[in-house]
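The structure appears below as structure tokens.
A quick note: this is a predicted structure, and the numbers were derived from the prediction, not measured. Whatever order the structure lists them in is the order used to number ligands and atoms, beginning at 1.
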Amino acid sequence: MSQDLGVRGYHYIEFYVGSAKMWAFWLAKTFSFKIVGYSGAESGNKEKVSYYLEKNSMKFVISSLLKPTNYDIAYFIQRHGDGVKRWSLEVDDVKKAYETAIANGGIPSRTPKKFENEQGYVEEAAIRLYDDAEICFFNGDNYKGIFRPGFIAPIQKINLETEDTGLLKVDHVVGNVRENEMDLWVNYMNKALNLETFLEFGPGDISTKYSALLSKVVRSKDKKIRNPINEPYEGVKKSQIEEYIDEYTGSGIQHIAITTDDILKTISTMRKNGVEFLSTPPDTYYQMIRERGIRIDEDIDKLKELGILIDIEGQGYLLQLFTKPIGDRPTFFFEIIQRCKGSEGFGQGNFQALFESIERDQILRGNFDRE
Ligand code: FE2
């Protein structure tokens, strides 16, 4: 039996947050997203407000509740704080993708539905993911309006234009799950979405002096969909994954990686725009890169100046940097990534430098020692 779901790639990602207007404006000013659509009281939705943002191929929806009776958002925000509610896959045929996913172990969340108005229709279905998230199957081929029925042009007529950050597309979406949950969700995604395990990091592979984690990466055969999943592993101190699980109150999406093909420009623009990144690695980190003698097209001094991390794999290498948590809780963050010369990894070589940097922040938050 063919398990092909007809997936074209990532489509929209929806965040549930305390104030959609603030998040949307912040992403517009700092990441140079464009606010393209709006849904709220003015468009006939008195329960929920959403801003629809685009940046190159990326589509973000930022939503908040307008009334306490919107239990879906109220519950999510109370339990998890600001976070990713759903990520979606653009598929050729929503019904076929959904039915295939369910036949292969997907847990139903929403059955296929058509959302229609005079500009056409979109179709959508969803399966469950982690505690309160969803993976959606979406098709908007037959809709001529903004994003989907219910969305209109933005109401605010203010100029949010800012210098282009050069951010391009979603590279991967990462989940953090509780102890013993990783294999459950790895198997779930592999079966339901017809993915395969691409990388595995076991005990001892990813650790600092004090804390550790396990990680597996599942991805589609065409490499368009990549979803690493992390689980805490026993260590002397509390790992960043444990901190996430505690602060998010459960399993959920940890970060979204966005590609650029000029990370020097992207990071310097984002820094200028006020985005906070994890602290810069020590000089010895860049010294070690130089000593390995691998040809890096970018000027290492400039990478060092901006705190960008470098990971070498075979002939390729990747450049990456992680933001600090975006919302109020130390949970969700973004990664900026540039893949060079065929790099396919996720920055394994940087894990130690990265985690030590996170641990410095955990100490400030009083979340490093177990209670
Ligand atoms: Fe990542």
Side-chain angles (χ1 to χ4, degrees), residues 9-10 13 15 31 57-58 60 83-84 87 129-130 133 135 165 167-177 182 185-186 189 195 197-201 205-208 211-220 223-233 239-241 243-245 248 251-261 263 266-267 270 275-279 281 303 306-313 316-326 330-340 342-359 361:
Y10 288 115
I13 294 172
F15 297 74
F31 281 50
S57 75
M58 288 185 289
F60 283 4
V84 175
W87 50 267
L129 178 67
Y130 308 140
I135 301 168
T165 53
L167 293 168
L168 294 174
K169 67 176 175 62
V170 171
D171 183 86
H172 57 272
V173 179
V174 182
N176 280 348
V177 300
M182 180 176 68
W185 291 109
V186 163
M189 279 206 230
L195 307 179
T197 303
F198 163 62
L199 283 171
E200 293 188 24
F201 303 98
D205 288 341
I206 309 176
S207 62
T208 67
S211 72
L213 62 85
L214 308 175
S215 188
K216 288 190 181 178
V217 180
V218 298
R219 75 172 183 191
S220 58
K223 302 173 195 171
K224 281 184 193 155
I225 308 300
R226 317 178 215 230
N227 300 301
I229 302 174
N230 305 317
E231 175 182 303
Y233 189 69
S239 75
Q240 50 151 320
I241 311 301
E243 185 194 36
Y244 175 99
I245 303 286
Y248 190 80
S251 302
I253 284 114
Q254 180 210 34
H255 76 267
I256 292 171
I258 304 175
T259 63
T260 169
D261 50 25
I263 199 163
T266 299
I267 299 297
M270 290 174 78
V275 178
E276 249 194 309
F277 291 94
L278 285 180
S279 52
L303 293 169
L306 291 165
I308 295 165
L309 304 168
I310 306 154
D311 192 30
I312 294 158
E313 27 164 323
Y317 62 97
L318 66 79
L319 304 170
Q320 66 185 165
L321 190 54
F322 299 84
T323 71
K324 293 212 172 192
I326 303 298
T331 51
F332 176 81
F333 58 88
F334 288 104
E335 171 185 349
I336 312 303
I337 182 168
Q338 182 178 351
R339 295 184 179 279
C340 308
S343 141
E344 292 192 351
F346 294 85
Q348 301 84 285
N350 287 324
F351 283 167
Q352 197 177 338
L354 166 67
F355 295 167
E356 282 167 357
S357 168
I358 294 177
E359 284 172 0
D361 288 348

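Judged by the 6.0 Å and 45° rule, Arg339 forms a cation-pi pair with Phe346.
Between Phe322 and Phe277, the distance from one ring center to the other does not fall under 6.0 angstrom. Aromatic ring centres of His255 and Phe334 lie farther apart than the 6.0 Å criterion allows.
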Using side chain to side chain contact (heavy atoms under 4.5 Å, CB included), reason through His172 and Glu335 one step at a time and then give a plain yes or no. CA-CA 9 Å; His172 57 272; Glu335 171 185 349; 3.0 Å; yes

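Counting all heavy atoms, side chain and backbone alike, Asn176 lies closest to Tyr244 at ND2-CG, 3.2 Å.
Listed by chain and number, the protein N, O or S atoms at a distance under 2.8 Å from the Fe ion (ligand 1) are His172 NE2, His255 NE2, Glu335 OE1.
Using modelled atom types, one side-chain atom of Thr165 and one backbone atom of Phe31 make a donor-acceptor pair closer than 3.5 Å.
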